[in-house]
Enquirer: 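Pasting a structure below so you can have a look.
These numbers come from the heavy atoms of this one structure, side chains and all, not from hydrogens, waters or symmetry mates. Remember, it's a predicted structure, so these values are computed and weren't measured experimentally. To find a chain, count down the sequence lines: A is the first, B the second, and so on, and within it residues start at 1.
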Amino acid sequence: MARLILHNVCKQFSEQRVINNLNLSIEPGSFVALLGPSGCGKSTILRMLAGFEPVSSGEIRHGERCLSSEQQHVPTEARNFGMVFQSYALWPHMTVAENVGYPLKIKKIKGVEKEQRIKDALSVVELEDYANRLPSQLSGGQRQRVALARSLVTEPDVVLFDEPLANLDRHLRATMEATFRAFHKRTKATIVYVTHDQSEAMSLADHIAVLHKGQLVQWATPEELYNTPKNTWLANFIGRGSVLKVAAIEPLQYVKTDTLHQIVQMVNASAATSSILIRPHDIQFVEENVDALSVQVRTCIFRGERYDVELILNDGQALLAYSEYPMIEGSKHYVRLIQAWALEEDV
Amino acid sequence: MARLILHNVCKQFSEQRVINNLNLSIEPGSFVALLGPSGCGKSTILRMLAGFEPVSSGEIRHGERCLSSEQQHVPTEARNFGMVFQSYALWPHMTVAENVGYPLKIKKIKGVEKEQRIKDALSVVELEDYANRLPSQLSGGQRQRVALARSLVTEPDVVLFDEPLANLDRHLRATMEATFRAFHKRTKATIVYVTHDQSEAMSLADHIAVLHKGQLVQWATPEELYNTPKNTWLANFIGRGSVLKVAAIEPLQYVKTDTLHQIVQMVNASAATSSILIRPHDIQFVEENVDALSVQVRTCIFRGERYDVELILNDGQALLAYSEYPMIEGSKHYVRLIQAWALEEDV
Amino acid sequence: VETLTLYTSQPNKDAQMTVDAFEKQNPDIKVDWVRDGTTKLMTKLRAELSSGVVKPDVLLIADSVTMESMVAEDYLYAYNSPFKKDYDPALYNEKGFYYGTKLITTGIVRHNRAPETPLDWSDLANTEYKNQVAMPSPLYSGAALIHLATLTESADLGWTYYEQLHENKVMAQGGNGGVLKAVSSGSKPYGVIVDFLAIRESRKGSPIEFIFPKTGVSMVTEPVAIMKGAQNKDAAKRFVDFVLSKPGQQLVLDQGYLPARSDMPVPDGFPNRADIKLMPFDAAKTLENNAANKARFSAIFEG
Amino acid sequence: MLIRSLDSQLRWLSLLLFLLIALISLLPSLRLLTEAVTSVSFTASSPLSDVLSSERTWRALKNSFYTSSLGTLIAVLLGSGFAFIVSLTNIRRRPLWVFCFMLPMMIPPQVTALSWLQLFGPASPLLNTFGIAPALGSANPMYSAEGIALLLGIQSAPLVFLALRTQLMNLPQDMVEAARMASASQFRIWIDIIVPLSRSALVAGAALAFVSSLGNFGIPAMLGIPINYLVLPTLIYQQMAGFGEDILSEVAGLSMIIALLVLAGMLLQQWLQQRSQYALIGHTTQPIFFDLKKARMPTEFALGMVLSFILVIPLIGLIISSFVPALGMPLNSNTFTLNAYVEMVSNQGSTARAFVNSGMLAFFTAMVLMLVCLPLGYLLMRLPMRVRSVVASLIEVPYAIPGIVLAIAFILLFAKPLPIINVSLYGTLGIIFLAYLSCFLSVCLKPVMTAMSLLDASLEEAAQLAGANSIQRLMHIILPLTAPAFFAGGLLVFLISINELTVSALLWSAGNETLGVLIFNLDESGDSVLASAISVLVVLLVASLMALLSLLAPRLPKGIIPWHD
Ligand SMILES: Nc1ncnc2c1ncn2[C@@H]1O[C@H](COP(=O)(O)OP(=O)(O)OP(=O)(O)O)[C@@H](O)[C@H]1O
Ligand SMILES: Nc1ncnc2c1ncn2[C@@H]1O[C@H](COP(=O)(O)OP(=O)(O)OP(=O)(O)O)[C@@H](O)[C@H]1O
Ligand SMILES: [Mg+2]
Ligand SMILES: [Mg+2]
């Protein structure tokens, strides 16, 4: 078990710089998520970790061992990593069982043990009945599950997951999340997990790296990230909530109701120099009173357990709140803001 | 504009019956979501609607016109349907712009208008800068966005979406959802939308069909579905919540606190004949009092805005609740159940 | 201008020469000619005949046995050429169905570096020649089949001779060209081959030498014949006469063959006509025995 | 179902195409069949029953099967080895290797055989230098069934190479990456992933090689006859040399045996390809690429050795024998002469004619077949598996039966003027052209069908949704994606037909000679020096045409020209 270190890693595809001076230090046995918008370079990082792409500059180390640098390159097969591909990469000429069993075959695990491990892996992803199908006869989600089973059948030092649950329904996702947790607990493998689903990332990972245009924006625990995002971009990206332009205020602190209502109401074109983040559950609908802000409902969308309500403040800024009941579009209400987080401006 | 009707549609792949006597009547201009676990036959339904798969029996009609039956088969290109594939199906030899512009080329739309429409479509999915790339040079999410742009560039009568947002991050999803709504409003096209994400389905669709193992389980509006699911399978599948075994009670009605606590506490192995659904937001943590149920915390997982808490009742049944604050695993608490929905048993 | 269609197995260059000379003498006739090995040419002809068309007017092909088979099936037209008298009766069909035009004899060839100099057929059966001799296979080459018929009819040689050749591991080639290559490239120092190929190549500088065996040589006569279904019999007759005439035979001589006409000289590199001993041969009988001969040969050689 | 799912444009096109196939593939085969059975009588000895009851027929069948199978094996090893190395690794000068690998097809097999016989024979300049030449007249190992198979293998290796290359270009990289993730070694990856994934192309290439070996006459004639090793084509030739009245039906009967062998082979092929139908083209990942690292030099050396045996040595032999006055003379300053070239160019009007004729025939055959194969392959892929294999085998038959027999069929069919229009094709280039179409249709179609079966169906479905009709889909989606296969097919047809011999041998007529016929006739009448000179020119011509194509490459879709990166 060793620490996985990315040191000043850059990656260039012909014209375009895709990863820019990335520094990460991933503790042995930790569960790390990479989060970021589509095209920010998540898959590219995994591919460099796996050894499929050389680094353009910088270095990737695993403990003392240099895996990739401009001079050196340890081939994938010598790394003992595991990976689930975004494209699944199932072998079309092998049945489901053969696909899952291939890493065992390579490791020369035979006979009953092999059968048993294939069976176990397939039962985790609920595909026991499909063992003899070819990948072309499976649905999208079933294919993804085969790819998952394949990556978990052996016990690699580092496992890389590239959006492993993108095509699965919620319940299967929950099951798989539990499986990942159990797997992580049992094998103590280091896991690097790419996802676009924040709730997945937050519930699974010890640490999350948020990337934007090839650059690391924040490296923090899930709680830190949710509660104290660094800048407006991150605040917009992580969780649900509204970023409001407000009168000047010291960044990176919590602002409570009174000050908050003040700076929100004080805002005007010239004074709007700071930004704050208000989470929807920090907004309470109240009866009209001095302390309350008046708002108008723009849209109200059903989301199952509750309604998403988009509110408009007097100065025209939008505010997202939750409501237990449907609200009529255009109706007026009063809200109280419990707290907000003051943000740094983007660079 | 015409109604899309599936009448007793069945589909068989060699040994396996994948769709079983499906009846649906989709109003012209409506937005319908197909929801169901992986492998339940959603993509197969779309493929039959598109005309790629013949029906094994039954009939698909579009207004008066029979699209598919055992005797007849209108070819896809004569249907004026649009579709986003789960596998994207981008043409690898064409650039992003050519991929998106191909339907226009076929419709003989040329010159400035063509350019403009390609540009518009690409700007909706935020890929203007990638117009001249080949699909192999894109990230997973970018490919999905190209496929989206391609399906929206012309204005088909019926648009079929197969998990169009599976690989996109939350904010792009929100943008795309808004785009779909706007597109739907503007073109009045009938939309059939496959997704595994319930919140997506609920926020977009007028009607939702939930499928299980090739069979229609419920066909309802999002609110109906969420609030009054028919049976235990559906209750488990839709939204978050806990299904409890309780003493006998009339199905398909709401049960309020007092009766509720009664039937929950009365349960024992022999008397547990009914099931009820309790949503997590219907569970309140309270100080100890006569009215409260005592519970123990099994797990507590951070989810961004709040914590998911799994509670254990005295009889060992599990209950999912939300909490604003982390709770210590193993600690004891008291809860009040506000309401629950009584379910039919599965057949 | 009339056209005359000629099927010939003469080498390209020779065929062109013949046609040019004929056309020069008969400017009113244009000759369309097709050249191929006898086997292919006959196959082509068979296919045409079987689909009911007669393409060629005149045939000028390798051997009289083939001609006999055409006579037997009544495909040929009998023509009494005025030049008949200048030829040995053995060289033409007495009813005038075909006339031999040249003498192509089969003898022995040796590489210049070869240790031995075979003088007669029987030498090739000696142990010094084991593994050293190439010959054309009678199964593939018409000339070789006639050679076989001639030698097996001979009292001295007979079938035992062929059995000895097999013992001696004589290697059968597809045709005379193969023997030429085998010998001139040195892979087999001795061979059985038609005269003109070996003599012509050796005159050009090839390291080989042709030997007329003492016992005699077998021969084919490259007969000329007119098809019964010929569209243009007049021109055909004129062509036959031309080939048999002195200028025609002079052409044969110039091409390096032994002319059939007895009053002609021999080409360079050939011994005197008197020194070339022709072994007796009966075309009609050979035709009769053809199948049996081939079967017996393949029984010996293919075991 | 088939017809229902096609639109009207394709419907009449398909009708037309199936008529065409019936005309050029089925008709000759049927004509031969009737020829074979018409003279069947119930007496003990009809020609067909003679043929069938002869022990030699069965021996030849067995031998044919042995040499063709072994030859196919060699072709597959050689062709696929080359394809794997040059398309998947970082070998240097890739275009050059591919370029050189195409050329052995252009050297007449007799020349290759002869140069090897010379190289390892008593007169070998090489062995003589070291004094280890075998004694005059000693047996040469090339005269054996295995020698025949080796040459057959070399001749058909480019067929396998080109058939395979298209598929290799389309193997998605992530398949290999996933295997590397499982810690599979390069060798295991090759065995477990790459070979199975390219199985359908391998099988198609092998089938082409087998069929082409089965019908080959030149090589077994040169190496088999001397040791009395009979194969079906030489047996057929023997039969023809008999001149009997029954030869046609005997020959047709023997050909039907070959046709049966082909049908059996096709069944095997279908069986082998059954599970290898998966979409590979259309995956939007990068193509596979292996780094050879330290093995690069040795690999290049090994390739060089193989090439020098199959190309350089025969080519040198060919060149040398074109510069001497007569066969068997050594080449030195005294003997060097350009006479052959001078004679050929100045005296023989037929030379220029043959170049023009063969060039046109090869070009138009390749063009027409490429045009035909696009819709044909598309339609065939839409037929049920079973019907498809029947049609495909029927298309295969003309290529498998020896060219000379096919020519007989064409004479039988076209010797009489065509009915109604009363034009005679016989004796024109037209009949050779038709025969080539019939013969080489399967050569062009095989790679195309393989490529089409690899195509991800959803790509076409997406175009259907865009409203594209069948023709538009064919032109916009399917053609560009399978273009390398089309070009490979066309190229093979061009290369094979430019010095094709056996078909044109019976069908040519004055003024319509082809290069193959010209070379063969010269060779047969002892002018092998002239023949060598022409062969050299043909190789030069083809090589320069290929080089010229490279200039066009930047304007063509990627991967179309095999020897261009
Ligand atoms: N070509 C085929 N041959 C045999 N079975 C098939 C084939 N295609 C799909 N199936 C089976 O049909 C069932 C339904 O497949 P479908 O693709 O419609 O599922 P889905 O609801 O779209 O699932 P997902 O959400 O995972 O994409 C699956 O069990 C699948 O294995
Ligand atoms: N082979 C390539 N050539 C050129 N550009 C590439 C190539 N592969 C990826 N890119 C570009 O690099 C950037 C990062 O790609 P990457 O696949 O890492 O994104 P990602 O974060 O995984 O996105 P997604 O969530 O959409 O999968 C993208 O803008 C993509 O267009
Ligand atoms: Mg990605
Ligand atoms: Mg699906």
Side-chain angles (χ1 to χ4, degrees), chain A residues 13-14 16 18 35-44 86-87 126-127 130 137-142 144-145 162-163 166-174 177 195-199 202-204 221-223 225-226 236-241 279-281 301-306 308 324 326, chain B residues 13-14 16 35-44 86-87 126-127 130 137-142 144-145 162-163 166-174 177 195-199 201-204 221-223 225-226 236-241 279-281 301-306 308 324 326:
Chain A
F13 282 119
S14 52
Q16 195 197 9
V18 169
L35 205 58
S38 164
C40 71
K42 306 181 295 291
S43 300
T44 308
Q86 197 167 9
S87 58
E126 299 177 17
L127 282 179
Y130 294 78
Q137 299 171 329
L138 297 181
S139 78
Q142 286 164 341
Q144 192 161 39
R145 281 139 73 190
D162 199 351
E163 314 240 358
N167 275 309
L168 304 187
D169 61 278
R170 177 133 119 205
H171 287 265
L172 213 45
R173 279 173 106 118
E177 282 182 25
T195 178
H196 62 262
D197 183 329
Q198 306 171 11
S199 116
M202 299 218 174
S203 67
L204 284 170
T221 63
E223 277 90 352
L225 197 64
Y226 186 79
N236 275 315
F237 185 73
I238 295 290
R240 312 193 67 193
R279 296 287 180 202
H281 44 86
I301 296 170
F302 183 60
R303 283 275 173 195
E305 48 176 312
R306 60 199 168 198
D308 287 358
E324 304 274 310
Chain B
F13 282 118
S14 49
Q16 193 197 10
L35 204 58
S38 165
C40 71
K42 305 181 295 291
S43 301
T44 308
Q86 198 165 8
S87 62
E126 299 177 17
L127 281 180
Y130 294 78
Q137 299 170 331
L138 297 180
S139 77
Q142 286 165 342
Q144 190 162 42
R145 281 137 75 190
D162 199 353
E163 314 239 354
N167 276 306
L168 304 186
D169 62 276
R170 174 131 123 206
H171 287 265
L172 209 49
R173 279 174 105 116
E177 281 183 23
T195 177
H196 61 261
D197 183 330
Q198 305 174 11
S199 113
M202 299 220 175
S203 67
L204 285 168
T221 64
E223 279 88 351
L225 199 61
Y226 186 81
N236 276 314
F237 184 74
I238 296 289
R240 310 194 68 196
R279 297 287 182 200
H281 44 86
I301 297 170
F302 183 61
R303 283 276 171 196
E305 49 175 314
R306 62 197 169 198
D308 286 0
E324 306 272 309

Enquirer: Where is the tightest heavy-atom contact between Pro280(A) and Gly241(A), given as atom of each residue plus distance?
Expert: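 That would be CD-CA, 3.6 Å.
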Enquirer: Testing the basics here: between Gly140(B) and Gln86(A), what is the closest heavy-atom pair and its distance to 0.1 Å?
Expert: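 Smallest interatomic distance, heavy atoms only, reads CA-NE2, 3.7 Å.
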Enquirer: Please test Lys42(B) against Asp162(B) for side chain to side chain contact (heavy atoms under 4.5 Å, CB included), starting from the C-alpha separation and ending with a verdict.
Expert: CA-CA 8 Å; Lys42(B) 305 181 295 291; Asp162(B) 199 353; 5.6 Å; no
Enquirer: With side chain to side chain contact (heavy atoms under 4.5 Å, CB included) as the test, would you mind laying out the steps for Gln198(B) and Ile238(B) before giving the verdict?
Expert: CA-CA 7 Å; Gln198(B) 305 174 11; Ile238(B) 296 289; 4.2 Å; yes
Enquirer: Find the one option among Gln144(A), Glu177(A), Gln137(A) whose heavy-atom pairs under 4.5 Å with chain B are most numerous.
Expert: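 Ranked by contacts with chain B, first place is Glu177(A).
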Enquirer: For Glu223(A), is it the side chain, the backbone, both or neither that has a heavy atom under 4.5 Å from a heavy atom of chain B?
Expert: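 Its backbone and side chain both get close to chain B.
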Enquirer: Under a 4.5 Å heavy-atom cut-off, does chain B meet the side chain of Arg145(A), its backbone, both or neither?
Expert: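 The side chain, not the backbone.
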Enquirer: List the atom of Leu168(A), the atom of Gly141(A), and the distance in Å for their closest heavy-atom pair.
Expert: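 Minimum heavy-atom separation between Leu168(A) and Gly141(A): CD2-O, 3.5 Å.
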Enquirer: Using heavy-atom distances under 4.5 Å, tell me whether Ser139(A) contacts chain B through its side chain, its backbone, both, or neither.
Expert: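 The answer is the side chain of Ser139(A).
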Enquirer: Where do Leu172(B) and Ser38(A) come nearest, in terms of heavy atoms and distance?
Expert: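 Heavy atoms only, the tightest pair is CD2-CB, 4.2 Å.
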Enquirer: Do Thr44(A) and Phe13(A) come within less than 4.5 Å of each other through their side chains, counting heavy atoms only?
Expert: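 Side chain of Thr44(A) against side chain of Phe13(A), heavy atoms only: contact under 4.5 Å found.
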Enquirer: Determine the interplanar angle of the His281(B) and Tyr226(B) rings, folded into 0 to 90°, and report it as parallel if under 30°, tilted if 30 to 60°, perpendicular if over 60°.
Expert: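 Ring orientation of His281(B) relative to Tyr226(B): parallel.
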Enquirer: Side chain, backbone, both or neither: which part of Tyr130(B) has a non-hydrogen atom closer than 4.5 Å to chain A?
Expert: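 The side chain, not the backbone.
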Enquirer: If you count heavy-atom pairs under 4.5 Å with chain B, which of His196(A), Gln16(A), Arg173(A) comes out on top?
Expert: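 Top count of heavy-atom pairs under 4.5 Å with chain B: His196(A).
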Enquirer: Does any backbone or side-chain atom of Ser43(B) lie under 4.5 Å from a heavy atom of chain A? Answer side chain, backbone, both or neither.
Expert: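 The answer is neither part of Ser43(B).
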Enquirer: Sort Gln142(B) into side chain, backbone, both or neither according to what part of it lies under 4.5 angstrom from a heavy atom of chain A.
Expert: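 For Gln142(B), backbone and side chain are both near chain A.
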Enquirer: Which atoms of Arg240(B) come close to chain A, meaning under 4.5 Å heavy atom to heavy atom: side chain ones, backbone ones, both, or neither?
Expert: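 Both the backbone and the side chain of Arg240(B) come within 4.5 Å of chain A.
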Enquirer: So for Glu163(A), is it side chain, backbone, both, or neither that comes closer than 4.5 Å to the heavy atoms of chain B?
Expert: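 The answer is the side chain of Glu163(A).
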Enquirer: Among Met202(B), Arg306(B), Glu126(B), Glu324(B), who wins on heavy-atom pairs under 4.5 Å with chain A?
Expert: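 That would be Arg306(B).
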Enquirer: Looking at chain A, which one of Leu35(B), Asn236(B), Leu225(B), Asp197(B) has the largest number of heavy-atom pairs inside 4.5 Å, strictly under?
Expert: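 Option with the top pair count is Asn236(B).
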